[in-house]
Every structure is written in structure tokens, then in C-alpha cells.
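We count residues from 1, following the sequence as given. What you see is a predicted model; the values in this text were computed from it and never measured.
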Amino acid sequence: MASTTLDAGLKPASPSGKTFLGHPRGLATLFMSEMWERFSYYGMRALLVLYMTASVAEGGLGMKAAVAAAVYSVYTAMVYLLALPGGWIADRFLGARKTVALGGAIIMIGHFLLAIPAGVSFFVGLAFIAVGSGLLKANISTMVGHLYDGPNDPRRDGGFTIFYMGINLGAFAAPLVIGTVGQSVNWHLGFALAGIGMALGLGQFLLGSRHLSAKSDVVTSPISASEKSAIFKKAGLWLAAATVFYAVVALTGHFTINWAIWPLSIAGIAIPVFVFAKVKRDKDLDATEQSRMSGYIWFFVAAAVFWMIYDQSGSTLSIFADENTASTLFGIDFPSTWFQSLNPLYIMALAPVFAWMWVALSRKAKNPSTTMKFAFGLLMIGASFLVMMLAMGAASGGTKVTPLWLAMVYLIQTVGELTLSPVGLSVTTKLAPTKYASQMMGVWFLAVTAGDCVAAIFQLVLGDDVVGSTGYFAFQGAMAIVAGVALGLYRKKVVRLMGDVH
């Protein structure tokens with residue numbers, strides 16, 4: 001049984017004392033586990049919307065593009081929403097190591113369910129992957145931190161850099177392998193390959209777990225028997241109510257996929273609102289902390305707008321790649337899923353450049369403020385959809401446009417991501433009230449949930465005639481640019497709210 005508190009002599013490094021590129025040996029275990037998990041996730045993601053929109057004769061589900069895009073948006077939103085209970089389960093029940101192992105097993109089962117050619121198993125599989133990803137995503141990064149001797153360990157930043165390189169290596173390779181097999185050979189064989197990828201990651205994690213820190217076994221805030229009983233009762237009541245409700249809807253012949261998409265989309269927007277309302281009403285927060293939270297809301301809304309557009313790379317942009325983009329460049333033929341490899345490729349190439357640039361600008365006292373970096377990120381993501389508007393215009397009349405259009409769009413989006421996402425993680429930790437320090441990273445993930453749920457509602461309301469049109473891209477691109485300009489104009493107000501945080 002894991003100890004409930006950390007012993008004073010508990011060592012963060014792996015028990016074997018072996019190293020990996022000068023880092024604790026456990027980093028290799030987490031690096032490889034996350035690489036294979038991302039390989040499975042991004043490979044499945046590259047196929048998801050294409051499979052849903054492919055005709056039944058082609059082996060797909062024959063969904064309308066707008067509905068498929070909405071399903072994708074809600075699915076992505078749930079992955080990030082479930083990171084909150086994923087972290088809570090590790091803190092209160094299992095510890096990080098067991099929670100990650102459980103999450104990996106659930107993800108693997110989900111991918112193999114997608115490999116079964118049946119509509120019911122497809123949606124059950126998506127639910128499994130979302131739940132498993134929430135358990136794993138919330139905790140595996142925390143386990144990287146456990147390998148080091150506190151936040152001031154000089155190897156810590158380098159360790160996270162290596163870890164995130166594993167994420168992008170898996171994300172880069174997945175569309176090239178799983179996407180090619182799924183799109184060119186058989187959809188379900190592609191999904192099965194994603195399951196095999198997750199099985200390899202889980203195996204790597206279990207075999208290498210002896211190299212991980214003992215901190216990863218600790219249940220930091222174990223739940224009492226009375227709390228556990230109360231939670232299980234409430235969860236059981238909600239589950240029973242949902243089961244009865246959907247059974248009635250199904251038995252009366254009224255059930256459609258919208259009965260799942262709409263409630264989840266509304267919940268994905270309502271939960272962040274509830275969380276912020278709860279924090280703002282908390283009497284334990286002093287005036288400075290309340291002011292900082294007011295400033296943080298600006299960043300949260302900006303991030304939600306950013307992710308609303310950015311996460312459509314696997315839905316509306318994927319459909320555009322398949323239907324409107326030529327699959328040949330410089331005499332080389334390739335499946336449309338390969339476009340999904342561009343973003344991780346750009347990140348691996350540009351992330352070191354941006355890291356160097358921020359340091360160089362800081363030395364000259366010219367490093368842009370957090371507010372301006374967010375504003376620039378919004379301008380970039382908005383510009384990417386305005387480029388998509390032009391690309392869609394060029395594709396009118398059934399013309400297949402050059403792949404360079406999408407290459408440009410993904411490049412612009414990646415530049416925006418590198419100015420907003422890492423900075424967002426940093427400002428979240430800086431502005432978090434002491435009482436909510438551990439929970440605020442989960443709140444940051446809720447920005448992705450909120451943005452994706454707004455996208456899902458747009459897609460359902462607008463329908464096939466509008467989703468993916470020039471007007472669709474123009475409206476969202478313009479909205480993001482207006483949000484970026486507004487944030488830039490009100491930056492002094494936001495800075496005042498942030499107090500002494502810069």
C-alpha cells in the first residue's frame with residue numbers, strides 16, 4: 001500500500017541509479033510510453049472524421065460533415081475535461097503511477113473497440129479513449145516532475161523538453177503510418193494499429209516502472225471512507241438518472257447522435273463558468289488573488305477562442321485536405337492524413353527557435369508581455385482561417401488546390417501555438433491563488449474544452465451547407481482577430497489586474 005505522505009528520505013531519482021541522456025532513467029520510460037500513447041492518439045485522430053464521413057460503401061459511417069466535425073469537437077473536448085477527474089483520482093485514490101497504467105489499459109481497449117466494424121463499438125471506443133486519456137494525460141507529466149529533486153533541479157527543464165519531444169515524435173509518425181494504413185488499406189486495420197501502439201506504450205510503462213520515482217506511488221490526499229461512500233452514492237444516482245433518461249429516449253425512437261452532442265457541448269461550456277464563479281465567490285481569497293483571477297479570465301477566454309479554431313485541424317481541415325486538396329507534390333503521391341504530421345514537424349523545428357528568441361529578447365528588455373503574446377497568438381490563428389477562406393475560394397468548382405495552402409495554414413497555426421500555449425501554462429501557475437494552486441492546471445485545460453464545445457455548437461447549428469465554406473472560415477478567422485485586437489487594446493487593464501505578476 002502506498003504511503004499517504006512523503007518520507008523525508010524519499011529519493012526522486014530512479015532506484016537503479018541509471019541515467020538517460022544525463023537524466024534519471026525513468027525519463028526514458030515516460031518518454032517512450034508517452035510517445036506510443038501520442039502515436040495511438042494522433043493516428044486515430046487522423047482517421048476519425050474521414051472514417052465518419054466516408055460512405056457505407058467505402059466502409060465508413062456515412063455521416064454528414066457537420067455532424068462528424070461536431071462529434072470530433074466534443075470528443076476532443078471530453079479528453080481535456082476528463083483530465084480534471086483524472087488528476088483527482090490520482091490524488092485521492094490510486095496515485096499517479098497506477099492511474100496512468102489504468103488509463104493506458106482503457107485507451108488500448110478503446111482503440112481495439114474502434115477496430116470492430118460496428119457503429120455501437122465505435123462510439124463506446126471513443127468514450128473509452130476519452131476516459132483513459134483523461135486519466136493518463138493528467139498524471140504522466142506530473143510523474144516527469146517526480147524524477148527530479150524539486151523545482152530548482154537544474155535538469156528539470158531539460159527533462160521536460162526531452163519528454164515533449166517524445167510527444168511530437170509520436171504525433172509526427174502516427175499519420176504517416178496509421179493514417180496511410182487506415183485510409184489506403186482498411187479503416188479498422190488503422191484503428192487496430194493505434195491499439196497496438198498503445199499496447200506497446202503500456203508495456204513499456206509497466207516494464208520500466210521500477211525506474212520511476214517512489215513519489216509517483218503516493219496518494220497525496222487519500223479519501224476517507226465517508227467521503228468515498230458519499231461520492232459513490234451521488235455518482236450512482238446521476239448515472240442511474242442518465243441511464244433511465246436515455247433509455248426512454250431510445251425506446252421511444254427519438255435518439256440521434258445530437259442527444260449526446262448537445263448535452264456534452266453545453267456541459268463543456270457550463271463547467272468552466274461554474275468553476276470560475278466558485279473561485280470568484282471564495283471568501284478565502286484576498287483582494288490581490290481576486291484581482292489576478294479577474295485578469296486570468298481574459299487569458300482563459302482568449303485561449304478558448306484559440307483552441308476553438310486550432311483543434312479543427314483534425315475535422316474541417318482534414319475534410320478539406322481529403323476533398324479539396326491535391327494529393328501530389330513534387331511528383332510524390334500521399335494520402336490526405338499526412339497533413340496531420342505537419343504541426344508536430346513544425347513544433348519540433350520551431351520550438352527551440354522560439355525558446356532562444358524569448359531569452360534573447362529578455363536580455364535586451366524587449367520580450368513582449370504575456371498579454372501581447374496571447375494577442376499575437378489570436379491574430380495568428382485568425383489569420384490561418386482567413387488563409388483557409390482563400391484556399392476554399394480557390395477550390396470552388398471542384399478544383400483541387402495545391403497542398404502548399406494547408407502547409408501554410410498549419411505553419412501559421414503552429415507559430416500562434418508557440419506564442420500562446422507555453423505562455424498560457426506559465427501564466428496559469430503564476431496567477432493561481434494559493435488555495436487552488438494544484439487545480440489551476442486543470443482549469444487551463446478547460447479552455448480547450450470550452451473552445452471545442454463552442455465549435456461543436458457552431459457546426460451543429462450551421463450544418464453541412466455552411467461548415468467548411470468560405471464564410472465559415474472567414475467568420476471564425478475575423479472573430480479571432482477581433483479578440484486579439486481587443487486583448488491588445490485592453491492590455492493595460494489586464495496588466496493592472498495581474499498586479500505584480502509579469
Exercise for the section: May I ask you to check whether Y42 and F172 place their ring centers less than 6.0 Å from one another? Expected result: no

Handout entry: Centroid-centroid distance, F374 to F299, less than 6.0 Å
Key = yes

Handout entry: Side chain proximity check, F191 to I178, heavy atoms < 4.5 angstrom
Key = no

Exercise for the section: Would you kindly say whether N343 and T414 are connected by a side-chain donor-acceptor distance under 3.5 Å? Expected result: yes

Exercise for the section: Decide whether a cation-pi geometry holds between K233 and W238; the criteria are a distance under 6.0 Å from NZ or CZ to the six-membered ring centre and an angle within 45° of the ring axis. Expected result: no

Practice task
Taking Y80 for its side chain and A450 for its backbone only, find out whether a donor-acceptor pair lies under 3.5 Å.
Solution key: no

Handout entry: Verdict with reasoning, S216 to H146, per side-chain hydrogen bond (donor to acceptor under 3.5 Å, both in side chains)
Key = CA-CA 7 Å; S216 298; H146 288 166; 3.0 Å; yes

Practice task
Flag this pair as yes if the NZ/CZ of K137 is under 6.0 angstrom from the six-membered ring centre of F445 and inside a 45 degree cone about the axis; otherwise no.
Solution key: yes

Completion exercise
By ring pair (Phe, Tyr, Trp, His ring centres under 6.0 Å), F205 pairs with (sequence neighbours left out) none

Practice task
Spell out, as yes or no, whether a donor-acceptor pair under 3.5 Å connects the side chain of Q340 to the backbone of T337.
Solution key: no

Exercise for the section: Apply side-chain contact (heavy atoms from CB on, under 4.5 Å) to M293 and L431, showing your working. Expected result: CA-CA 7 Å; M293 284 305 300; L431 294 177; 5.7 Å; no

Practice task
Taking the side chain as every heavy atom from C-beta outward, state whether W88 and L84 have any atom pair closer than 4.5 Å.
Solution key: no

Exercise for the section: Dump the intermediate steps for side-chain hydrogen bond (donor to acceptor under 3.5 Å, both in side chains) on Y346 and E417, then the final yes or no. Expected result: CA-CA 11 Å; Y346 288 147; E417 179 188 4; over 6 Å; no

Handout entry: Evaluation steps, side-chain contact (heavy atoms from CB on, under 4.5 Å), between T370 and V494
Key = CA-CA 10 Å; T370 298; V494 178; over 6 Å; no

Exercise for the section: Would you check, one step at a time, whether the test side-chain contact (heavy atoms from CB on, under 4.5 Å) holds for V144 with I140? Expected result: CA-CA 7 Å; V144 175; I140 195 164; 5.6 Å; no

Problem - Steps toward side-chain hydrogen bond (donor to acceptor under 3.5 Å, both in side chains) verdict (W307, T76) - result: CA-CA 11 Å; W307 297 117; T76 307; over 6 Å; no

Exercise for the section: Indicate whether any N or O donor in one side chain lies under 3.5 Å from an N or O acceptor in the other, for Y41 and S133. Expected result: no

Practice task
Taking the six-membered ring for Trp and the single ring otherwise, decide whether the centroids of Y51 and H188 are under 6.0 Å apart.
Solution key: yes

Problem - Distance-only side-chain donor-acceptor flag, Q204 / S33, under 3.5 Å - result: no

Practice task
Could you tell me how the ring of Y72 sits relative to the ring of Y75: parallel (under 30°), tilted (30 to 60°) or perpendicular (over 60°)?
Solution key: tilted

